[in-house]
Protein chains: 2
Amino acid sequence: MVKSKTSAIKKRSDCPISCTLDLVGDKWSLLIIRDMMMFGKTTYNEFLASNEKIATNILNDRLISLTDKGLITYTGSARRKKYQLTAFGMELKPIIEAIANFGMKNFTKSKAYTQKQMKAAGK
Amino acid sequence: MVKSKTSAIKKRSDCPISCTLDLVGDKWSLLIIRDMMMFGKTTYNEFLASNEKIATNILNDRLISLTDKGLITYTGSARRKKYQLTAFGMELKPIIEAIANFGMKNFTKSKAYTQKQMKAAGK
DNA sequence: ATTACAAACTTGCATTTTGCAAGTTAATTG
DNA sequence: CAATTAACTTGCAAAATGCAAGTTTGTAAT
């Protein structure tokens, strides 16, 4: 598991928002955290199967990066990792929920989509 | 005011989170919205002066993109625009607040920074 | 009215990131 | 053991970012 290319973001200010965005200011990181938080996904293949079709190199890079930042951790063997959010990562929940609420309110197709996905996840 | 290079994001799924991230899934867009929402900034030069030192081409591109998406609008002449959030853009407030709260809780330097900035903005 | 200055972009270019698709390696299944 | 699948890695093109200089337009000063 080599170093992520994007994990060493140069800090640009002490603003709380800016510091948080240094951690999760890209859509792929947030989508992975969504998958873990809302759909209980834990494995590489599960993340890969999401509808957004993340590229394998981006997925791998982000899993490494999020692990380095302490937002997620994993168990299992080196090539069969099961990822999960750390307590630190769980603190991102209000952000994910706020993003979800905005989407539910403003994108009509998103409501049907969410019901379908929740059913599929059995949760 | 030409077309933004990044405004035509290809939609990857109907998930509400994904749709919202199609609008604001990059840190520069969120930082600009922060500047408007929390610091009352309205002009190109004010955004340019933020501590994160956004590049002029990125700032211009994002202002165009956010305008196209209906999140912000502007008054004034073509070369002296004063930007402001639309009602739609204001709905991003819970997201910005959630991001800010995470930062305030987890980055010790962020608290002092925020107090200093609020004082400087006279708000 | 004219000149100087500053705001608001635009441009050129190098670097980095993303995205696609194929390839390789390691683990599991039959 | 061979076949299959999961989990990456790699090559490369396109897109985005970032720096810094340049150009255009509006305002301020005289």
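A, B, ... follow the sequence lines: proteins, then strands. Residue 1 opens every chain.
For Lys81(A) and dC8(D), the shortest distance from a side-chain N or O to OP1 or OP2 is below 4.0 Å. Between dT5(D) and Asn45(A), no contact under 4.0 Å exists linking OP1 or OP2 to a side-chain N or O.
At least one side-chain heavy atom of Lys41(B) sits less than 4.5 Å from a side-chain heavy atom of Ser50(B). Looking at heavy atoms from C-beta onward, Leu63(A) lies out of side-chain contact with Tyr74(A) at the 4.5 angstrom threshold. Using a 4.5 Å heavy-atom cutoff, the side chains of Asn51(B) and Tyr113(B) are in contact.
Residues Phe102(B) and Leu85(A) fall within the same hydrophobic cluster, defined by Ile, Leu, Val, Met, Phe, Trp and Tyr side chains chained together at heavy-atom separations under 4.5 Å. Ile95(B) and Leu31(B) end up in the same hydrophobic cluster when Ile, Leu, Val, Met, Phe, Trp and Tyr side chains are linked at under 4.5 Å.
Residues satisfying the side-chain contact (heavy atoms from CB on, under 4.5 Å) test with Ser110(A), not counting sequence neighbours, are Phe107(A), Pro16(B), Cys19(B). For the side-chain contact (heavy atoms from CB on, under 4.5 Å) test, residues two or more places apart in sequence or in another chain that qualify with Thr42(A) are Glu46(A), Lys82(A). Qualifying salt bridge (charged side-chain N to carboxylate O under 4.0 Å, His left out) partners for Lys109(A), counting only residues two or more places apart in sequence or in other chains: none.
Atom P of nucleotide dA8(C) and atom CZ of Phe47(B) are separated by 10 Å, given to the nearest angstrom. Whole-Å rounding puts the Asn60(B) CG to dT17(D) P distance at 13 Å. A straight line from OH of Tyr74(B) to C1' of dA8(C) spans 13 Å, rounded to a whole angstrom. As a whole-Å value, the separation of Lys41(A) NZ from dA6(D) C1' is 15 Å. Regarding Lys82(A), its NZ atom lies at a distance of 15 Å from the C1' atom of dA27(C), rounded to whole Å. For Leu48(A) and dC8(D), the CG to C1' distance is 10 Å, given to the nearest whole Å.
Using cut-offs of 30° and 60° for the angle between ring planes, the Tyr83(B) and Phe47(B) rings count as tilted.
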Report all interatomic pairs (protein N or O, nucleotide N or O of nucleotides 22-26 of chain D) with separations under 3.5 Å.
| from | atom 1 | to | atom 2 | distance (Å) |
| --- | --- | --- | --- | --- |
| dT24(D) | O2 | Arg79(B) | NH2 | 2.4 |
| dG26(D) | O4' | Arg80(B) | NH2 | 3.4 |

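Inspection of the Lys81(B) and Ser77(B) side chains reveals no N or O donor paired with an N or O acceptor under 3.5 Å.
Residues Asp26(A) and Arg62(A) are paired through a salt bridge, judged by an N-O separation under 4.0 Å between the basic side chain and the carboxylate.
Axis deviation across the helix from dA1(C)-dT30(D) to dG30(C)-dC1(D) amounts to 30°, comparing end segments of five pairs, rounded to 10 degrees.
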Using a 4.0 Å cut-off on protein heavy atoms (strictly under), produce a 5'-to-3' string for nucleotides 12-21 of chain C with B for base contact, S for backbone-only sugar-phosphate contact, and - for none.
-> -----SSBBB

